[in-house]
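Reviewing the structure listed below.
These numbers were taken from a predicted model, which means no experiment stands behind them.
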Amino acid sequence: MLAPMSSLVWVELDGAAPDHNLRELRRGLKRGTRVCAVVKANAYGHGVREIARLVPSADWFAVNSLEEGIELRALGEQRRTLVLGHVPLARLGEAVAQGLDLTLYNMESLAALEGLTAGSEAPMPIRVHLKVETGTGRQGVLPEDVGAFVARLEQVKGAELAGVSTHFANVEDTLNHGYAQRQLGVFSRVLEDLARDRRRPPLVHTASTAAGILLPATHFAMIRAGIGLYGLWPSRETFLSSVMGRRSVPQLRPVLSWKTRIVQIKTLPEGSYVGYGCTYRTTRRTRLGVLPVGYADGYDRGLGNTAHVLVRGRRAPVIGRICMNLTMVDLSDIPQAALEDEVVLLGRDGEESITAENLAEWAGTINYEIVTRISPLLERRVIGETTPDPRRP
């Protein structure tokens, strides 16, 4: 009799891995440095509902949008949460009411906040983090405009400059961190100006996972742990730089596995075409397996005729184009494979494994995109539980 199942495609999460990874990242920090768990984009595809409860040692959370911040609050999460992206002017009041910290860089946002508090005897506290543009060419106030921005912020009743931040453009993808050092120099001069004017806030933060591992000078009061939280290295270069720098190399454990099941097996004669566009033609009598997963689930279309999956601990090539909801694999060399057998798309089966980096290389992208694009509609199953942090109630 076949075992009962609830899903044909699902994600498994190692329940102990997220907090393990945060503790590993924390090992390289000076005592007292906070760690912010970045859970934007559905926790990098892992599932924010699940990940939020699996990181008891995280001091803060960071999200991209107001909606993500509201979702955390709805889950009962009351730890300080920083919104990294733009909050629509008309919805700034919601963000303040939810007790979210705001990353700001537009004068228009300050004007909108002032409108919220005008005439209020005791306005709700508004915690603002100034983002400084130091060379990434994205969000941020130009260094020469920081003084005017802070002066304008000080006119907003109830508002406080709670933090100041920046983001590095070229830490992950290089062994030469000269550009990041130049950015850090720009940022440090801004901090000096703020300190001279007695405006430097208590919380200074610049470091992502890569900077947190490689550049101690970027740690300041807090690091923002994104990809490393999920047990993935930002890049090969980051790992190599860590090893070459003779610093403590964090032992990261991938959190996520991605699985499906075989929904049909059939034998095709030699010379048969498989999939749309007839991009694959069998060169032998082929035992074909059909999987109920496709690009609608986040399994990249570029994986067709390139990737492998794991069936009963062995590799099976993906053949033909990836469809919206289906993928075909060659089971000819795995005669034991049977209907509804478990298939590993990403993860380990016995001695074999398929990593996010493998999938990224096959699809011509990066590991961030592989996991982040996994459909939020898929079931997330937590396997095992993390050990509660004794510092937290």
Quiz item: So I374 and D297, side-chain contact (heavy atoms from CB on, under 4.5 Å) or not? Walk me through it.
Solution: CA-CA 6 Å; I374 297 175; D297 304 293; over 6 Å; no

Quiz prompt | Candidate pair D300 and T365, rule side chain to side chain donor-acceptor pair (under 3.5 Å), full reasoning | solution = CA-CA 10 Å; D300 196 283; T365 184; over 6 Å; no

Self-check item: Step-by-step side-chain contact (heavy atoms from CB on, under 4.5 Å) determination, L291 to Y299
Solution: CA-CA 11 Å; L291 312 180; Y299 198 68; over 6 Å; no

Quiz item: Step by step, would you call F220 with F187 a ring-ring contact (aromatic ring centres under 6.0 Å, His included)?
Solution: CA-CA 12 Å; F220 293 103; F187 186 74; 5.8 Å; yes

Exercise. Check step by step if side chain to side chain donor-acceptor pair (under 3.5 Å) holds for E270 and T282.
Key: CA-CA 5 Å; E270 179 182 344; T282 61; over 6 Å; no

Self-check item: Residues T174, Y179; criterion side-chain contact (heavy atoms from CB on, under 4.5 Å); working and verdict
Solution: CA-CA 10 Å; T174 180; Y179 190 77; over 6 Å; no

Quiz prompt | Intermediate values then yes/no, side-chain contact (heavy atoms from CB on, under 4.5 Å), I354 and W362 | solution = CA-CA 11 Å; I354 305 288; W362 292 331; 3.9 Å; yes

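Annotation: Q78, atom CD; neighbour count of heavy atoms from other residues, nucleotides and ligands within 6.0 Å is above 12.
The closest donor-acceptor contact from the side chain of R287 to the backbone of I334 lies under 3.5 Å. Side chain of E77 to backbone of R79: a donor-acceptor contact under 3.5 angstrom is found. T279 places no side-chain N or O within donor-acceptor distance of the main-chain N or O of G277, the cut-off being under 3.5 Å. Between the side chain of S375 and the backbone N or O of L377, at least one donor-acceptor pair lies under 3.5 Å. With hydrogens and angles disregarded, a donor-acceptor distance shorter than 3.5 Å links the side chain of R261 to the backbone of E340. Checked by atom type and distance alone, the side chain of H20 pairs as donor or acceptor with a backbone atom of Q251 at under 3.5 Å.
Contact check on E94 versus R73 returns no salt bridge, with no Lys/Arg side-chain nitrogen under 4.0 Å from an Asp/Glu carboxylate oxygen. Salt bridge present: D14 and R253 bring a charged side-chain N and a carboxylate O closer than 4.0 Å. At a threshold of 4.0 Å, the pair R127-E160 does not count as salt-bridged, since none of the basic side-chain nitrogens sits closer than that to a carboxylate oxygen.
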Only pairs under 3.5 Å count here: list side-chain donor-acceptor contacts from residues 206-213, not counting sequence neighbours, and write none if there are none.
| from | atom 1 | to | atom 2 | distance (Å) |
| --- | --- | --- | --- | --- |
| T206 | OG1 | T218 | O | 2.7 |
| T209 | OG1 | G226 | N | 3.2 |
| T209 | OG1 | G228 | N | 3.1 |

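Closest of all the heavy-atom pairs between L215 and Q181 is CD2-NE2, 3.8 Å.
For the 3.5 Å distance criterion, the side chains of T81 and D101 fail to qualify, holding no donor opposite an acceptor. Side-chain contact of H205 with R224: a donor-acceptor pair under 3.5 Å is present, judged by distance alone. Under the 3.5 Å distance criterion, with hydrogens and angles disregarded, no donor-acceptor pair is assigned to the side chains of S257 and E12. T238 and S235 form a side-chain donor-acceptor contact under 3.5 Å, judged by distance and modelled atom types alone. In the model, Q183 has a side-chain atom that pairs as donor or acceptor with a side-chain atom of T136 under 3.5 Å.
Remark: R152 engages E114, Q155 in a side chain to side chain donor-acceptor pair (under 3.5 Å) (not counting sequence neighbours). Y368 is linked by a side chain to side chain donor-acceptor pair (under 3.5 Å) to E172, counting only residues two or more places apart in sequence or in another chain.
A single hydrophobic cluster is seen to contain both M107 and V190, as judged by linkage of ILVMFWY side chains at heavy-atom distances under 4.5 Å, directly or through other members.
The distance from the CG atom of L214 to the CG atom of L240 is 10.5 Å, given to the nearest 0.5 Å. Between the SG atom of C36 and the CG atom of L82 there is a distance of 6.5 Å, given to the nearest 0.5 Å. Distance check, rounded to the nearest 0.5 Å: CZ of R236 to CG of L175 gives 12.0 Å. The CD atom of E68 lies 8.5 Å from the NZ atom of K40; values are rounded to the nearest 0.5 Å. Here K131 contributes atom NZ and Q139 contributes atom CD; the two are 4.5 Å apart, rounded to the nearest 0.5 Å. Atom CG of residue L72 and atom CD1 of residue I51 lie 11.5 Å apart, to the nearest 0.5 angstrom.
Relative orientation of the H86 and Y105 rings is tilted, given thresholds of 30° and 60° on the angle between their planes.
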